[in-house]
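Here's the structure, in structure tokens; my notes come after.
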Amino acid sequence: MRLFDGHNDTLLRCVDEENSVDAMRSREDGHLDIERAREAGLVGGFFAAFAPSPEMPDPVVEPDSYRFPVAPTPDLADARESVYRMLELLHRADREIDDFRVVTTPGDLDACFDGNAVGAVPHIEGAEAVAPDLSNLDFLHGAGVRSLGVVWSRPNEFGHGVPFEYPSDNDTGPGLTDAGRRLVRACEERGILVDGAHMNAATLRDALAELSGPMAVTHTGAHAVSPHSRNLTDDQLRAVAESGGVIGVTFGATSYADEPDPQAGATAADIAEHVAHIADVVGVEHVALGSDFDGAGLVDDISDVRDVSVLLDEFRERGFGEREVEKIAGGNWRRLLARVL
């Protein structure tokens, strides 16, 4: 089984290591490294470069709800420094780790699926490192960026992300700015996939209206199953699928734990329930994996990338055939990326 994953934060976890290429190659902590990826059958994924907020507020927990106050947005200079360091790490890993490659073309993608290399699609999560006039977008494209999330769960110059809240929908405020509309169009023109993860309802709607081709949502869940603000409603799932897009399901427990506790656990069976719902709503061709490895607390029975097989077995238990499991495990991302790159 060839696995391809829609989202990880491994670069964020490795960039501050004393020898971060070694951490990319193999480490004892965290969820993902190249050694464990090969063992698991992971042939590639979206590797996120992310500019952290200067501080993260604590959750406000009530008897029947919780919410995280919106984190402060990093400024352009700080965001560039963070994102550029992570992209530089990715390219050093490409040079120094055998059978690891940065994926920027369909040929690169085929080499991963048909050979033994582990591939990394460079992704930016939250566009704070992009200049509002887009003056460095071509530079970022030249640095390999082929996927971009306009927002994280905070506002920026381009649009509004959805705060972390339960129970809540994602209809939480304004959408894209004029700069955000220009960014979405510019990404499509350059072959950079636009990612709707972390968008609120208005930003998602505005971004879809600007695109003539597919949008991805790299890591999310189904709101009809668990009413978390980060999960998509059935209408939003349909809109993404109608664009030709793919929805990656996160492995983060908070998207599935249907209770007012930000530390509550969940299981691979809960993920499978969301996958089955999304497949029922939009078809199995539009659902995939979007783990959020190294960026979220995982469901109880997945400790790292080597446990994805547990999830695939849950899909089979729910009646998905082997060809359908192959599509969810990697085939749907391959098809989408081959169209966009």
Side-chain angles (χ1 to χ4, degrees), residues 6-13 16 29-31 48 50-75 78-79 82 125-128 149-156 159-175 195-204 217-233 236 248-271 273-274 290-304:
H7 187 84
N8 71 65
D9 284 299
T10 298
L11 293 174
L12 177 65
R13 300 305 173 201
D16 290 326
D29 61 349
H31 304 144
F50 171 69
S53 290
E55 59 180 325
M56 286 297 296
D58 293 329
V60 177
V61 181
E62 304 289 350
D64 57 355
S65 67
Y66 69 83
R67 62 180 177 84
F68 284 80
V70 175
T73 303
D75 64 25
D78 288 342
S82 295
E125 184 175 25
E128 288 83 5
V150 177
V151 292
W152 187 66
S153 290
R154 59 196 177 201
N156 62 23
H160 293 78
V162 61
F164 298 97
E165 188 169 351
Y166 172 92
S168 176
D169 59 25
N170 52 23
D171 188 7
T172 58
D195 178 16
H198 290 279
M199 289 182 178
N200 69 9
T203 302
L204 183 74
V217 180
T218 57
H219 53 303
T220 189
H223 192 272
V225 182
S226 297
H228 289 259
S229 60
R230 281 270 289 110
N231 293 343
L232 298 189
T233 68
Q236 290 164 342
V249 289
T250 180
F251 297 178
T254 55
S255 290
Y256 306 110
D258 203 1
E259 56 183 287
D261 177 3
Q263 302 300 322
T267 68
D270 295 314
I271 301 175
E273 182 179 1
H274 283 241
S291 69
D292 207 2
F293 283 141
D294 289 317
L298 304 184
V299 297
D300 295 341
D301 37 3
I302 299 178
S303 59
D304 65 28

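The model shown is predicted, which means the values in this text are computed figures rather than measured ones.
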* Asked: Considering residues, nucleotides and ligands other than Gln263, do more than 12 of their heavy atoms fall under 6.0 Å from its CD?
  -> no
* Any donor-acceptor pair under 3.5 Å from Ser153 side chain to Val162 backbone -> yes
* Asked: Quick one: are His7 and Asp9 in side-chain contact, heavy atoms under 4.5 Å?
  -> yes
* Donor-acceptor pair between Asp258 and Tyr166 side chains, under 3.5 angstrom -> yes
* To do: Nearest 0.5 Å please: distance from the CG atom of Leu12 over to the CD atom of Glu125.
  => 9.0 Å
* Structure fact -> Heavy-atom nearest pair, Tyr66 first then Pro260, reads CD2-C, 3.6 Å
* For the residue pair Phe68 and Phe164, categorise the inter-ring angle as parallel (less than 30°), tilted (30 to 60°) or perpendicular (more than 60°). => perpendicular
* Ignoring hydrogens and angles, state whether a donor on the side chain of Asp294 or Thr10 is under 3.5 Å from an acceptor on the partner side chain. => yes
* To do: Report yes or no: does Asp78 contribute a side-chain atom to a donor-acceptor pair with the main-chain N or O of Asp75 at less than 3.5 Å?
  => no
* Do Ser229 and Arg67 pass the side chain to side chain contact (heavy atoms under 4.5 Å, CB included) test, and can you show the C-alpha distance, the side-chain angles, and the key distance before you say yes or no? -> CA-CA 10 Å; Ser229 60; Arg67 62 180 177 84; over 6 Å; no
* To do: Measure from the side-chain N and O atoms of Ser255 to the backbone N and O of Arg230, and report whether any donor-acceptor pair falls under 3.5 Å.
  => no
* Check against side chain to side chain contact (heavy atoms under 4.5 Å, CB included), Ile271 and Ile302 -> CA-CA 11 Å; Ile271 301 175; Ile302 299 178; 4.3 Å; yes
* Is the side chain of Asn200 donor-acceptor paired with the backbone N or O of Asn170 at a distance under 3.5 Å, no angle test? -> no
* Asked: Any side-chain heavy-atom pair from Asp270 and Val299 closer than 4.5 angstrom?
  -> no
* To do: Heavy atoms only: give me the nearest Ala202-Gly173 pair and the separation to one decimal.
  => CB-O, 3.4 Å
* Going through the checks in order, is the side-chain hydrogen bond (donor to acceptor under 3.5 Å, both in side chains) test met by Asp292 and Thr250? -> CA-CA 6 Å; Asp292 207 2; Thr250 180; 4.5 Å; no
* To do: Say whether, by atom type as modelled, one donor and one acceptor occur between the side chain of His198 and the main chain of Val151 under 3.5 angstrom.
  => no
* To do: Answer yes or no: is there an ion pair linking Arg154 with Glu128, defined by an N-O contact shorter than 4.0 Å?
  => yes
* To do: Could you tell me whether the side chains of His160 and Thr203 share a donor-acceptor contact shorter than 3.5 Å?
  => no
* To do: Check Val70 against Pro163 and note the closest heavy-atom contact, atom names and distance.
  => CG2-CG, 4.0 Å
* To do: Classify the side-chain pair Asn156/Thr73 by whether it contains a donor and acceptor separated by less than 3.5 Å.
  => no
* Asked: So how far is it from Phe293 CZ to His219 NE2, rounded to the nearest 0.5 Å?
  -> 13.0 Å
* Can you name the nearest heavy-atom pair linking Pro57 to Pro69, along with the distance? -> CG-O, 3.0 Å
* Asked: Could you walk me through whether Gln236 and Met199 pass the side chain to side chain contact (heavy atoms under 4.5 Å, CB included) check?
  -> CA-CA 11 Å; Gln236 290 164 342; Met199 289 182 178; over 6 Å; no
* Show your reasoning for whether side chain to side chain contact (heavy atoms under 4.5 Å, CB included) applies to His223 and Asp169. => CA-CA 8 Å; His223 192 272; Asp169 59 25; 4.0 Å; yes
* **Check: His228/Glu165 side-chain N/O donor and acceptor closer than 3.5 Å** => no
* Minimum heavy-atom distance Ala266-Ala257, with the two atoms named -> CB-N, 4.2 Å
* Quick one: does Pro74's side chain get under 4.5 Å of Ser82's, heavy atoms only? -> no
* **Gap separating the OG1 atom of Thr218 from the CG atom of Asp195, nearest 0.5 angstrom** => 3.5 Å
* Is any side-chain heavy atom of Leu298 closer than 4.5 Å to a side-chain heavy atom of Ser303? -> no
